[in-house]
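Everything below concerns the one structure shown next.
Residue numbering restarts at 1 for every chain, and letters A, B, ... go by the order of the sequence lines.
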There are 2 protein chains.
Amino acid sequence: MDRRTSEKDGDTSAKERPTLKTLAFMTGLGVTTVSRALKDAPEIGAETRRRVQLVAKQIGYRPNRAGVRLRTGKTNVISLVLNTEREIMSFVSDIIYGVSEVIADTPYHLIVTPYSRSQDPLDPVRYLVETGSADGVIISRTQPNDPRARYMLERGIPFATHGRTDMGLVHPYHDFDNYAFAGEAVRYLAGIGRGRLALVTPPVGLTYYGHTVNGFADALSEVGASEVPFNTVSIDHSIEQIRMRTAQLMRRDDRPNGIVSSAAAATLAVVAGIEDAGLKLGRDVDVVSKQSSELLHLFRPELLVVNENFRLAGSELARAVLGWIGGADPGSLQSLSTPGEVLPYRHSQDQ
Amino acid sequence: MDRRTSEKDGDTSAKERPTLKTLAFMTGLGVTTVSRALKDAPEIGAETRRRVQLVAKQIGYRPNRAGVRLRTGKTNVISLVLNTEREIMSFVSDIIYGVSEVIADTPYHLIVTPYSRSQDPLDPVRYLVETGSADGVIISRTQPNDPRARYMLERGIPFATHGRTDMGLVHPYHDFDNYAFAGEAVRYLAGIGRGRLALVTPPVGLTYYGHTVNGFADALSEVGASEVPFNTVSIDHSIEQIRMRTAQLMRRDDRPNGIVSSAAAATLAVVAGIEDAGLKLGRDVDVVSKQSSELLHLFRPELLVVNENFRLAGSELARAVLGWIGGADPGSLQSLSTPGEVLPYRHSQDQ
DNA sequence: TTGGCAATCTGTAACGTTTCAGTATATTGA
DNA sequence: TCAATATACTGAAACGTTACAGATTGCCAA
């Protein structure tokens, strides 16, 4: 089937999307010259260059992505690899928005590559690399020894991880300083007289699990507080699980009087569990929680929160991959976001 | 630069991604034959077809997307167009997951095309169509008279809208029956003795604003309840705004004893406002709210909730676009999701 | 035997881009 | 003046795919 309208080419009739050939016809130049003029190649006369670029702008020329991709292998695509089941509730959207912000004024498109619980997390990455579907990849749920990062390093495809690895290999990442977060949380709780603390951990196996646990432990001994073990749940567990386990915990004699929670959704369940056990937040126990949107204070004013900005994470990750694609040193594309201070509740009218 | 490894082609050395040429060499057939054999064209011998497909599977042949796209114009891309600022908090991720589920075993990729508040919502759609970047488009924040839907209908590009239009034009959509939701909410509240009701509306201008308002109004007169106007906010307003306005509302003498809220985030603010005014949920006022995740009951057990499944919406929308792309009648690709019943709080242990 | 035809298979061109290997003209050095 | 060189441009080829227009073979009816 021929989608062409007019006879041969160089039709003035418009309607068809302009190509280099169209531009060549209009300017009276060769296709090669036009191509080079548009990308500021050195061997093109200054005036010609300007003329071509002017005409191109006028008629709204946009390079055909398929043409470029076929010829050069450059896809102009960044892929965000997401777990469809675990990455529950929000913050995925924040990351997407963050990434979008950065690539908005680049030729890049963002494609979302999902994988489900049952799959090997390496599958989607392997697919992307094997089919050459993206110039750069962003992954999350990073592990200390992450096969995906290793794989992509081997294949030489630029990527950035949300969270750090610990393999002795250098690659771009963005991470929230969960060591600092857990430490700050403990210190704050200790500061208001809470000396028996429990931690709702990140998912076991992910790198920031370790960071959080270490930050928690180090600060505990620093301030001389003690830990009430609470290893039966992580923030990956269901709301119901966390709620039930928390209630169990809080009914024990040696219950904690302070809890540090690594995610807002889990915190909701924790608070419910606390109240199931007949205890009162702020009186019997205090909870410091990370949150990514300003909702926890509405939930219970007594909650103590630390904000984590996932939109920023998205932007940083995008910048990192683009940087690597652009040839920057991977080691220079690592960023760590420092947690703000622990925020107690202040009603907006108080301010 | 030549990315080739071996001499001419048909190299047995692997490493390079197999193309039709590779397959042609391996099978001893022509490229054309291989191409046709892979797509079950009729003029290919049964045995040849099987042979080619076997070899293709063995060596993991995957058609080069750029080649296909350049030749046929088919992108194998679905674009989800999102407002980066308004579509706050979650449910965007649910929609993405829903879409992903459906396109997972198709050759389609999902690209996310964002636009910001300042932009004309038509911009990203125009971009997609003009550059031919997608075979199908999904849009949300649908308006009764939606320029984007009109535009895409004119250009003949398949799309589906999250929410209906009201232009007398037929196109695929998925919508939640907000008329029914608002009606059910009012009837439920009336049933528990709440006769003075206020509505926290969807964003003015979107189609489901009208649906919600009408469902609310019709049910009001049906049950003989009265409306307490609350037009100063919609769910698009900030948490602070909603909270403040609700507090104002609830301090009036003619305050409502029942509130219907169109979104979970807004409901959090509404409840905060109620409590700011010194009133108690479940005693002084009841609130029925839509929610997309099971969080509101943790927030306040007294809340009455109706669930809206955005993941389902995503799946339905994806199915709709794919259907249209596949040649189905657009009119047959419309679906409406009926709200479940209003759910009062039941602790999981009660069940 | 011949012509017709169905069944299979094939080469070429084209999609839009960039790279390679030029060509033509002007400019320079001696 | 002549050759060498720089400047500005160009056609052809290739990326991987599909559509078009054949080509080859075998078989059958006449």
Phosphate OP1/OP2 of D/dT18: any B/Lys39 side-chain N/O under 4.0 Å: yes
Interatomic distance, A/Asp40 CG vs C/dT18 C1' [rounded to whole Å]: 16 Å
A/Ser335: partners by side-chain contact (heavy atoms from CB on, under 4.5 Å), with sequence neighbours left out: A/His174, A/Glu316
Euclidean distance, atom NZ of residue B/Lys21 to atom P of D/dA13 [Å, nearest integer]: 14 Å
Distance in angstrom units between A/Phe25 CZ and C/dG16 P, rounded: 16 Å
Distance, rounded to the nearest Å, where A/Asn64 contributes CG and C/dT18 contributes P: 10 Å
Nearest-Å distance for atom pair CZ/C1', residues A/Arg17 and C/dT17: 12 Å
Nucleotide C/dT18, atom C1' - distance to CG of B/Leu70 in whole Å: 13 Å
Rounded distance in Å - CG (B/Leu20) to P (D/dG16): 10 Å
Pair listing, salt bridge (charged side-chain N to carboxylate O under 4.0 Å, His left out) test, anchored in residues 51-65 of chain A, at least two apart: none
Nearest-angstrom distance from the residue atom CZ of B/Arg62 to C1' of D/dT17: 17 Å
Flag for A/Thr75-A/Asp135: side-chain donor and acceptor within less than 3.5 Å: yes
Distance test, side-chain N/O of A/Ser35 to OP1/OP2 of C/dT17, below 4.0 Å: no
Any donor-acceptor N or O pair under 3.5 Å, side chains A/Ser79, A/Thr113: yes
Give every donor-acceptor pair under 3.5 Å between a side-chain atom in residues 31-42 of chain B and any protein atom, sequence neighbours left out.
unit_1: B/Arg36; atom_1: NE; unit_2: B/Glu43; atom_2: OE2; d: 3.4
unit_1: B/Arg36; atom_1: NH2; unit_2: B/Glu43; atom_2: OE2; d: 2.6
unit_1: B/Asp40; atom_1: OD1; unit_2: B/Gln53; atom_2: NE2; d: 3.0

With B/Phe310 via ring-ring contact (aromatic ring centres under 6.0 Å, His included) - residues at least two apart: B/Phe91, B/His162
No-H, no-angle donor-acceptor pair, A/Arg71 side chain to C/dT17 base, under 3.5 Å: no
For nucleotides 5-10 of chain D, which of its nitrogen or oxygen atoms have a protein nitrogen or oxygen under 3.5 Å away, and what is each distance?
unit_1: D/dC9; atom_1: OP1; unit_2: A/Thr48; atom_2: OG1; d: 2.7
unit_1: D/dC9; atom_1: OP2; unit_2: A/Gly45; atom_2: N; d: 2.9
unit_1: D/dC9; atom_1: OP2; unit_2: A/Thr48; atom_2: OG1; d: 3.1
unit_1: D/dT10; atom_1: OP1; unit_2: A/Gly30; atom_2: N; d: 3.4
unit_1: D/dT10; atom_1: OP2; unit_2: A/Gly30; atom_2: N; d: 2.6
unit_1: D/dT10; atom_1: OP2; unit_2: A/Thr33; atom_2: OG1; d: 2.4

B/Asp175: side-chain contact (heavy atoms from CB on, under 4.5 Å) partners, not counting sequence neighbours: B/Arg164, B/Tyr173, B/Asn178, B/His211, B/Leu336
